[in-house]
Structures are given as structure tokens and as C-alpha cells.
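Below: one structure, written as C-alpha cells.
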Amino acid sequence: MKYVLFVIAGLLLACQSSAENQDTSRSLPIDKEATTETVALFNNLKKVGETHLLYGHQDDLAYGHDWWDEPGRSDVKEVTGSYPAIYGWEIGNIRQDTEVSLDNVNFESMKNWIREGYERGGINTISWHMNHPVTDGNSWDRTPAVYAILPGGDQHEKFKNWLDKFAEFTQDLRGGNGELIPIIFRPYHEHTGSWFWWGEEQTTVEEYVALWRFTVEYLKDEKGVHNLLYAYSPDNQGGRELSNYYKKYPGDDYVDILGMDDYGSMKDRDPVAFSDELAWLANEAKKKGKIAALSETGVDGIPDPKWWTGQVLPAFTSNTEARGVAYVLTWRNANAEREQREHFFTSYPGHPSAEDMKAFREEEFVLFEDELPDMYSFDQ
Ligand code: BMA
């Protein structure tokens with residue numbers, strides 16, 4: 001009897017999931033076993049991002065220009081009244097023996113901030129300035145290394161240990177009901193430049209593609225990590241690298257988000273020209289059933305007090321099709337005292353650009369966290 005009930009329950013479940021599959025309005029990310037919340041995020045980002053721009057900020061909850069590790073604080077919230085819609089995190093230095101990231105953020109605290117942002121309805125993305133696997137230097141060590149970490153290479157096991165550490169990190173990210181928190185994972189970024197060991201001059205096309213594919217397959221198929229969306233993010237370098245966008249593209253089966261990093265285009269460049277490039281990106285993503293994002297940008301120190309409405313906004317609106325880019329993330333606000341320097345990419349209270357950031361936030365087109373629909377369920 002127990003067995004019969006078991007079979008009936010199994011049949012019912014099968015019917016339900018095939019009914020889900022027949023729903024053509026819902027698409028799957030590259031990981032066909034992605035968790036429900038991850039699939040929902042993929043679909044909702046695509047949908048909401050078609051007509052809106054979600055605003056994101058790196059390390060937003062961890063520290064700001066004038067504070068360090070204080071519960072509830074956020075430079076973005078203190079300027080605009082809302083937390084950002086997207087939280088960027090950086091796990092550089094994650095290895096067996098480290099407790100803090102390369103920017104001194106404690107990894108356990110980072111997990112808590114990720115959980116906190118998720119519980120409020122925000123979205124988390126992780127980048128990785130991975131240490132140099134051959135010299136043990138940092139990611140800016142330009143010595144070629146990819147050949148050594150691919151299968152058969154003499155640092156392959158060490159590299160897998162680092163991926164294991166990341167896999168462990170992701171499985172510890174759970175919401176109130178025990179569900180895994182979806183993460184947009186953005187590894188090996190800016191590879192069209194040559195400042196990291198996985199960069200343009202440091203890797204062949206075959207090596208970069210193999211590195212990317214190995215990482216995706218290892219995480220999802222070997223480690224059973226199913227709460228990731230994968231973001232590809234070449235550096236556009238102020239418009240100079242657009243033609244190389246696909247040069248080392250790992251393929252549609254390995255990428256969910258067509259990202260782009262570009263700092264130069266947000267500094268004194270005609271936003272109309274950049275808008276055409278963002279429109280191109282949005283259209284590429286649309287054609288492929290993916291999501292487009294300006295995954296990293298900013299101008300250090302924000303010297304232009306009208307930067308938000310004069311430079312950022314028109315980049316996404318001058319060409320109507322650029323509106324299809326789903327989100328933009330500005331880089332971190334380094335704590336001035338701890339780092340003994342000014343290094344910030346979003347406004348903080350009292351900064352001359354703060355008023356303009358409020359105006360940016362008030363645009364109907366731009367979404368901060370408190371304006372998001374539920375990104376993790378299908379009942380929109
Ligand atoms: C860079 C700078 C560095 C930082 C690195 C990784 O752009 O902000 O200070 O260590 O990103 O977050």
C-alpha cells in the first residue's frame with residue numbers, strides 16, 4: 001500500500017512538473033536543475049529588466065565612505081531612502097585558510113548580508129578576483145596561468161579546491177524556509193583587457209573558453225550547485241572593445257547574463273554613443289533569451305555633480321532599445337579612513353552628487369530595492 005501511494009505521489013509530481021515545462025512563458029537558465037527561486041529570478045529579471053533598470057552597488061551593506069561594518073547602514077539608502085536592488089560582493093582571497101576577502105570583508109558577515117538583502121527582496125551578485133594559481137599572487141599578477149589549472153595541468157587540484165570553497169559558500173546561503181539563495185555569479189571578468197591572469201594577452205581563445213566551461217560544469221554537475229546564474233562580462237573600455245565581445249564567448253549553453261564592464265564610457269563620453277552600444281547588448285540578450293547588464297561601472301570620486309541624470313540615465317534612455325538592459329552596478333565606496341584614500345563610485349550623504357542621485361532614484365524607469373516586485377516567485 002505504501003508503495004502504491006508512493007507511485008501515485010510520484011505520478012502526480014511528474015504531471016505537475018511537465019505542466020510547468022509546457023508553460024512556454026517560463027524559460028530555464030543554463031542549469032536545467034536550477035532551484036525554483038533561481039529560475040524565477042532568471043525569468044523576472046528578464047521581464048522586469050525589459051522596461052526598467054535595476055540599480056546595484058558593490059559591498060553596499062559591508063561598509064561605506066565613512067563607516068565600517070555597522071548593522072543596517074548603506075550609503076545608497078542614506079542618500080536615496082532605499083537600499084539598492086542589486087548587491088555586488090567580491091570573494092577574492094576565498095581559500096581554505098582565509099577569513100576575510102581581499103577588501104577585508106569577513107566572509108561569514110558577507111553571508112549574513114547576502115541573506116539580509118535576499119530577505120528584503122534584493123538580488124545578490126558575486127565577482128571573484130581570484131588569486132594567481134601558480135604564483136599565489138593576486139589576480140593582477142599577469143603571468144599566464146590558465147594552462148596550469150585546466151584538467152591535466154599541475155595546479156588543477158588546487159584550483160578545484162578553490163572552486164570547492166566557493167561551492168561550500170554558496171550552499172550556506174539559505175533563506176528563511178531553508179531555500180537556497182540565488183546568486184548571479186560573474187567569474188573571470190574583464191577578460192578583454194590584459195590586467196588579470198585570465199586576460200586577453202594571457203589566454204588563448206581555447207583556454208579561456210575551457211576555463212569558463214570547466215567552472216560551470218564542475219560547479220553544477222560535480223558539486224551540485226544549482227542556485228547560480230552565470231554572468232559573462234567583457235570590458236568594453238569606453239567603447240573600444242565591443243567588436244571583441246564574442247571573441248572568447250563560452251557559448252549560449254554556458255551563459256545566462258550578457259554583461260559588460262565599462263568605466264570609461266561613463267566618464268565624459270557622449271552618452272548617446274554609449275547608449276547605442278548598450279542597445280546592441282540589450283538586443284543580443286533578447287535574441288538569445290538572456291539578460292543584459294552593465295555589470296560594473298562608475299567614475300571614481302564622481303567629480304560631476306550631475307553624473308546620475310546627466311551621464312548614467314541618458315546612457316540607458318537615449319537609444320530606446322538600451323532600456324532593455326536589466327541592471328547597472330556601480331563599484332564600491334571604499335572606507336576613506338581605513339584605506340587612506342578616496343575611492344568611491346556611488347554618492348554618500350553630503351557628497352555634491354547626492355541630490356542628483358535622488359533625482360535618478362525618482363525616475364520611474366529606475367528601480368531600487370523598495371520598488372521591486374517579488375523576484376523569487378512566479379506570481380507576478
Ligand atoms: C578594484 C579596487 C580595489 C579592490 C578590487 C576588488 O576595482 O576597488 O581596491 O580590491 O576592485 O574589489
Side-chain angles (χ1 to χ4, degrees), residues 56-69 74-76 84 86-95 98-111 113-114 117 124-133 135-142 145 162 165-166 169 183-200 202 231 233-238 241 259-267 293-303 307 312 327-348 351:
H57 182 221
Q58 182 72 7
D59 278 351
D60 188 73
L61 304 175
Y63 56 86
H65 182 264
D66 300 310
W67 55 273
W68 179 266
D69 189 2
S74 147
D75 281 352
V76 168
I86 312 251
Y87 300 97
W89 303 103
E90 165 56 47
I91 55 165
N93 268 6
I94 199 170
R95 284 177 293 182
T98 43
E99 282 178 10
V100 297
S101 77
L102 83 166
D103 297 318
N104 278 310
V105 177
N106 179 282
F107 286 119
E108 290 308 312
S109 307
M110 192 187 292
K111 287 180 190 168
W113 287 314
I114 290 174
N124 291 284
T125 174
I126 290 182
S127 58
W128 193 348
H129 285 75
M130 196 184 274
N131 293 86
H132 196 288
T135 65
D136 274 333
N138 61 29
S139 57
W140 291 272
D141 180 333
R142 300 171 183 202
W162 293 357
K165 187 78 183 166
F166 171 61
F169 184 95
I183 298 290
I184 297 171
F185 182 41
R186 189 171 66 89
Y188 318 124
H189 63 302
E190 300 174 7
H191 67 283
T192 45
S194 298
W195 43 86
F196 299 131
W197 55 259
W198 57 85
E200 168 60 15
Q202 288 79 4
S233 56
D235 196 292
N236 190 36
Q237 292 186 46
E241 290 290 343
M260 178 194 277
D261 287 16
D262 194 337
Y263 286 79
S265 287
M266 285 299 191
K267 194 178 180 190
L294 184 58
S295 33
E296 241 193 75
T297 193
V299 176
D300 201 350
I302 323 180
W307 184 67
V312 182
Y327 68 87
V328 56
L329 181 127
T330 52
W331 204 239
R332 65 199 195 96
N333 277 11
N335 179 277
E337 206 181 306
R338 286 175 70 106
E339 297 200 18
Q340 290 289 297
R341 61 170 173 158
E342 293 291 324
H343 179 67
F344 60 90
F345 298 84
T346 201
S347 308
Y348 57 86
H351 187 267

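We count ligands from 1, going down the list as the structure has it; atoms in each ligand are counted the same way.
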* Asked: Trp140 near ligand 1, heavy-atom distance under 4.0 Å?
  -> yes
* To do: State if Arg341 counts as touching ligand 1 under the rule of any non-hydrogen atom under 4.0 Å.
  => yes
* Asked: Looking only at atom types and distance, does a side-chain atom of Trp198 sit under 3.5 Å from a main-chain N or O of His189, one as donor and one as acceptor?
  -> yes
* Do side-chain atoms of Trp307 reach the backbone of Met266 as a donor and acceptor pair under 3.5 angstrom? -> yes
* Hey, are Arg332 and Asp75 close enough for a salt bridge, meaning a charged N less than 4.0 Å from a carboxylate O? -> no
* Asked: Under 3.5 Å, N or O to N or O, is His343 touching ligand 1 that way?
  -> yes
* Just distances here: any N/O of Arg332 and N/O of ligand 1 closer than 3.5 Å? -> yes
* So is Arg142 actually on top of Trp195's ring, under 6.0 Å and inside 45° of the axis? -> no
* Are side-chain N/O atoms of Thr297 and Asp262 paired as donor and acceptor at under 3.5 Å? -> no
* Asked: Looking at Asp103, which atoms of ligand 1 are within less than 4.0 Å of one of its heavy atoms?
  -> 4 (C), 6 (C), 10 (O), 12 (O)
* What atoms of ligand 1 come closer than 4.0 angstrom to any heavy atom of Glu90? -> 12 (O)
* Asked: Can you tell which of Trp89, Trp128, Phe345, Trp331 gets a heavy atom nearest to atom 1 (C) of ligand 1?
  -> Trp331
* Does the gap between the ring centers of His57 and Phe345 come in under 6.0 Å? -> no
